[in-house]
> 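Right, I'll just put the structure down here and ask away after.
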Amino acid sequence: ELDLKTVSVSIEGTIIPGDFMDWILRTSYYHEVIETKNGLEFRFYGIEKENLEEFMTQIKTFVLTPILIDDRDENNE
């Protein structure tokens, strides 16, 4: 069984930085955008465990903080 991860990235406001948007469009991972009270949250799904560190490092290059979401918490509600 694959150990797939979900990563969340939040930005304040509703303006998405251009370089981050370009990167999102180039990434092959399924993602969704959730509107929050402070801005936008991007969730990226299906990240293989062996690619997780590199994926999070790429996000950090945009001066954003990636957060690993524990899918088990969401699935057990």
> Any idea which heavy atoms bring K5 and D3 closest together, and the distance?
NZ-OD1, 3.3 Å
> Does E32 have more than 12 heavy atoms from other residues, nucleotides or ligands lying within 6.0 Å of its CD?
yes
> Can you measure from CD1 (I69) to OG (S8) and round to the nearest 0.5 angstrom?
4.5 Å
> Quick check for you: to the nearest 0.5 Å, what is the distance between E54 atom CD and E48 atom CD?
11.0 Å
> Just how far is it from atom CD of Q58 to atom NZ of K60, taken to the nearest 0.5 Å?
12.0 Å
> Show which residues join I34 in its hydrophobic cluster (side-chain heavy-atom contacts under 4.5 Å, direct or indirect), or state none.
none
> Considering only Ile, Leu, Val, Met, Phe, Trp and Tyr, and joining two whenever side-chain heavy atoms are under 4.5 Å apart, list the other residues clustered with L68.
V7, V9, I11, I16, F20, M21, W23, I24, L25, Y29, V33, L40, F42, F44, I47, L52, F55, M56, I59, F62, L64
